[in-house]
Amino acid sequence: MTRIDVQGLTKRYGPDTVVDDLSFTVEPGQVTGFLGPNGAGKSTTMKMIMGLAAPTRGSVTIGGRGYRDLPVPLTEVGALLDAGAVHGSRKAYDHLLSLAVSNGLSRGQVGEVLARTGLEGVAGKRVGGFSLGMRQRLGIAATLLGDPQVLIFDEPVNGLDPEGIRWIRDFMRSLAREGRAVLVSSHLMSEMAQTADHLVVIGRGRVIADTGMSEFLQTNGVSSVLVRTLEPGAFARRLTAAGATVRDGRESSLVVSGMTSEDIGRLAVYHGVALSELAPQRASLEDVFMELTKDSLEYEGATAA
Ligand SMILES: Nc1ncnc2c1ncn2[C@@H]1O[C@H](COP(=O)(O)OP(=O)(O)OP(=O)(O)O)[C@@H](O)[C@H]1O
Ligand SMILES: [Mg+2]
């Protein structure tokens with residue numbers, strides 16, 4: 001079983017510390033979502049994992065070894081960091097073949113990965129004519145050439161249409177089901193909620209959260225309760241008196257926080273107030289994400305410095 005182990009990873013560019021003492025692991029059999037706002041340090045971290053940028057401090061290992069110590073890297077780890085990085089005049093098959101040959105992999109793998117990514121039909125076409133979704137599939141096909149146990153994808157769904165997003169999401173899940181360790185970055189929390197088993201959230205190069213996805217949703221999921229009654233004004237005062245925070249919602253509903261729906265129900269019974277609706281509201285994941293990372297947004301850092 002191969003995992004990625006990031007230990008105290010730090011990267012400085014001149015005076016800027018863009019990755020700051022980062023530690024986390026990417027476990028086999030899981031999709032680990034790597035989340036953070038623009039400039040948080042996701043791509044830089046991924047480049048350091050792939051040996052494309054040297055850490056200022058700390059270490060990254062894949063199955064216990066640094067990238068540069070892997071005898072045939074493509075058989076250990078595949079990474080898609082920039083889908084645009086294919087020469088447009090190349091045919092898809094030729095692109096994959098040259099990668100396979102130059103890395104000492106079997107030619108047979110090319111057919112396999114084309115089939116797996118649904119690109120068989122366009123294998124002989126020039127990449128220049130590919131849609132963004134097809135390019136992304138080709139990038140993914142390349143990561144699979146060496147049948148690696150560890151896969152890294154930097155913002156793979158950026159710019160894709162819903163069908164393309166669904167395809168990538170299902171693909172990541174199937175890779176994890178096969179026991180591979182999958183690290184995938186995004187700045188969209190809602191996207192991660194449907195893809196990841198585990199979540200590493202960073203802001204300004206530091207870990208803000210490192211948690212199981214379901215655990216994360218439980219702790220951060222419910223934020224308020226929507227209450228509807230014929231006497232909203234009177235009930236709002238009762239709620240406030242009982243310690244809840246109340247604001248007006250749509251169509252004269254009340255949005256209550258700081259009190260569970262159970263307790264709100266009890267309070268209504270106690271005061272003989274008829275409720276026509278009592279509904280816990282999930283905080284939108286985007287809201288949770290914004291809340292988590294609000295102190296770490298880059299432009300705020302720039303003004304504070
Ligand atoms: N080669 C470099 N030289 C100097 N600064 C860099 C370099 N590469 C990245 N940075 C800076 O490091 C910080 C983190 O960038 P990085 O690309 O890792 O963030 P990210 O989380 O991937 O963001 P995004 O969501 O926009 O892709 C940014 O402030 C960026 O400007
Ligand atoms: Mg990035």
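Read the numbers this way: they start at 1 and go in the same order the structure lists the ligands and their atoms.
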Should the heavy atoms of other residues, nucleotides or ligands under 6.0 Å from CZ of Arg126 be counted, would the total exceed 12? no
Counting both backbone and side chain atoms, is some N or O of [X] under 3.5 Å from an N or O of ligand 1?
X: Lys47; result: no
X: Thr45; result: no
X: Gly41; result: yes

Do [Y] and [X] meet the salt-bridge criterion of a basic N to acidic O distance under 4.0 Å?
X: Asp21; Y: Arg57; answer: no
X: Glu191; Y: Arg166; answer: no
X: Arg173; Y: Asp170; answer: no

May I ask you to list the atoms of ligand 1 that are less than 4.0 angstrom from any heavy atom of Ser43?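 Answer, ordered by atom number: 17 (O), 18 (O), 20 (P), 22 (O), 27 (O).
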Taking only heavy atoms of Val18, which atoms of ligand 1 are found under 4.0 Å from at least one of them?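 Selected atoms, number and element: 11 (C), 12 (O), 13 (C).
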Restricting to non-hydrogen atoms, name the atom on Val207 and the atom on Leu22 that form the minimum distance, rounded to 0.1 Å. CG2-CD1, 3.3 Å
Pull up every protein N/O/S atom sitting under 2.8 Å from the Mg ion (ligand 2), skipping waters. Ser43 OG
Does some non-hydrogen atom of Gly36 fall short of 4.0 Å from ligand 1? no
For Glu155, state whether at least one heavy atom is located under 4.0 Å from any atom of ligand 1. yes
Got a donor-acceptor contact below 3.5 angstrom from the Arg169 side chain to the Gly164 backbone? no
Quick check: does any side chain N or O of Asp20 sit under 3.5 Å from a backbone N or O of Gly205, one acting as donor and the other as acceptor? no
Any side-chain donor paired with an acceptor under 3.5 Å for Thr61 and Asp5? no
State the OG-CG distance between Ser185 and Asp154, to the nearest 0.5 angstrom.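 These two atoms lie 3.5 Å from each other.
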To which of His187, Met46, Lys42 does the heavy atom nearest atom 25 (O) of ligand 1 belong?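 That would be Lys42.
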Under the ring pair (Phe, Tyr, Trp, His ring centres under 6.0 Å) test, residues paired with Tyr67 that sit two or more places apart: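 In terms of ring pair (Phe, Tyr, Trp, His ring centres under 6.0 Å), with neighbours along the sequence ignored, Tyr67 is linked to no residue.
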